[in-house]
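Shown next, in structure tokens, is the structure this report addresses.
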Amino acid sequence: MSETDRIPADRLPPGTVGRAGRWAVGNRDGEYFAVSRRCRHQLADLSEGSLDEDGCLVCPWHQSRFDVRTGEMVEGPRGFLGYHGPTPGYTQFVRGYAKVLRLRVKRALRRGDDVVVED
């Protein structure tokens with residue numbers, strides 16, 4: 001574990017996401033998770049994303065949704081570059097290669113006052 005692969009636990013109340021080094025770390029209903037920070041679509045920083053009502057991590061740029069347990073893209077994207085809206089064909093293309101290039105998933109645990117990403 002790197003010293004930077006941690007975040008103060010008080011910055012991760014339930015339903016939030018933050019940055020711990022190379023990881024997007026979040027609190028999904030009291031359970032912590034860690035996934036790689038770069039969206040598989042256009043490399044947006046997922047630590048700036050949000051969690052939806054299903055507990056999926058939502059990309060801040062084009063709303064791709066990721067299952068934080070598996071790293072799989074379950075929906076999206078909804079746009080390209082500065083455009084936000086439907087992209088038939090392109091969305092299926094991105095989801096196709098995202099099946100192979102899933103987000104990396106690590107365990108994140110509370111240790112003292114911090115949430116740390118385990119190696």
Side-chain angles (χ1 to χ4, degrees):
M1 172 189 61
S2 162
E3 284 298 314
T4 60
D5 293 343
R6 63 179 63 234
I7 185 171
D10 62 2
R11 290 182 40 204
L12 283 177
T16 61
V17 181
R19 179 183 307 178
R22 299 170 294 147
W23 304 97
V25 178
N27 183 338
R28 185 178 181 221
D29 296 325
E31 292 184 32
Y32 296 108
F33 68 85
V35 296
S36 46
R37 280 188 26 217
R38 295 295 167 192
C39 180
R40 297 308 187 229
H41 174 221
Q42 290 184 306
L43 305 178
D45 188 343
L46 294 173
S47 71
E48 297 174 4
S50 60
L51 292 175
D52 68 11
E53 62 277 353
D54 297 324
C56 288
L57 178 57
V58 180
C59 176
W61 287 1
H62 298 105
Q63 293 70 54
S64 292
R65 296 174 59 237
F66 294 90
D67 183 328
V68 298
R69 296 165 297 180
T70 64
E72 180 181 0
M73 181 185 286
V74 295
E75 184 181 14
R78 295 182 189 159
F80 180 75
L81 296 174
Y83 169 72
H84 295 271
T87 55
Y90 177 73
T91 296
Q92 287 73 20
F93 170 72
V94 171
R95 289 197 59 204
Y97 74 71
K99 287 182 181 183
V100 177
L101 298 173
R102 293 180 178 199
L103 299 178
R104 292 182 318 242
V105 176
K106 293 272 189 168
R107 278 183 54 172
L109 301 169
R110 173 101 185 231
R111 289 208 184 122
D113 293 333
D114 292 331
V115 175
V116 297
V117 179
E118 287 197 328
D119 280 329

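Values reported hereafter were calculated over all heavy atoms of this structure, with side chains retained and with hydrogens, waters and symmetry mates removed. Since the structure is predicted, the reported quantities are computational estimates derived from the model, not experimental observations.
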Between R65 and D54, does the salt bridge (Lys or Arg N to Asp or Glu O under 4.0 Å) criterion hold? Intermediate values first, please. CA-CA 10 Å; R65 296 174 59 237; D54 297 324; 3.2 Å; yes

V68 vs C56, test: side-chain contact (heavy atoms from CB on, under 4.5 Å). Steps then yes/no. CA-CA 6 Å; V68 298; C56 288; over 6 Å; no

Give the C-alpha distance, both sets of side-chain angles, the deciding distance and a yes or no for side-chain contact (heavy atoms from CB on, under 4.5 Å) between E72 and F66. CA-CA 6 Å; E72 180 181 0; F66 294 90; over 6 Å; no

Reported CG-to-CG distance for the pair D52 and L57, which is rounded to 0.5 angstrom: 9.0 Å

Note: K106 and V117 closest approach over all heavy atoms is CB-CG1, 3.6 Å

Side chains of L51 and V17: closer than 4.5 Å at any heavy-atom pair? yes

Start with the C-alpha distance between R111 and E118, add both sets of side-chain angles, then the distance that settles salt bridge (Lys or Arg N to Asp or Glu O under 4.0 Å), and finish with yes or no. CA-CA 11 Å; R111 289 208 184 122; E118 287 197 328; 2.8 Å; yes

Please round to the nearest 0.5 Å and tell me the distance separating atom NE2 of H41 and atom CH2 of W61. 9.5 Å

Between R104 and S36, is there a donor-acceptor pair closer than 3.5 Å when you use the side chain of the first and the backbone of the second? no

Going by heavy atoms in the side chains, are R102 and T70 under 4.5 Å from each other? yes

Does any N or O in the side chain of D67 come within less than 3.5 Å of the main-chain N or O of G71, such that one atom is a donor and the other an acceptor? no

Tell me the closest heavy-atom pair linking R110 and G112, and the distance in Å. NE-O, 2.8 Å

Count the heavy atoms belonging to other residues, nucleotides or ligands that lie under 6.0 Å from CZ of R107, then report whether that count exceeds 12. no

Heavy atoms only: give me the nearest N27-F33 pair and the separation to one decimal. N-CE2, 4.0 Å

Shortest non-hydrogen contact from V25 toward A20: CG2-CB, 3.5 Å

Going by an N to O cut-off under 4.0 Å, is there a salt bridge joining E48 and R37? no

Supply the atom-to-atom distance W23 CH2 to L46 CG, rounded to the nearest 0.5 angstrom. 12.0 Å

Rounded to the nearest 0.5 Å, what's the gap from CG on D10 to CG on D114? Could you check? 9.0 Å

Return the minimal non-hydrogen interatomic distance between L12 and G18, and the atom names on each side. CD2-N, 3.6 Å

Give me the atom names and distance for the closest heavy-atom approach of C39 to C59. SG-SG, 3.8 Å

Answer yes or no: is there a donor N or O on one side and an acceptor on the other, between the side chain of D45 and the main chain of S47, under 3.5 Å? yes

The reported gap from CZ in R6 to CG in D113 (rounded to nearest 0.5 angstrom) is 10.5 Å

Would you find a donor on one side and an acceptor on the other, under 3.5 Å apart, between the side chain of R40 and the backbone of R38? yes

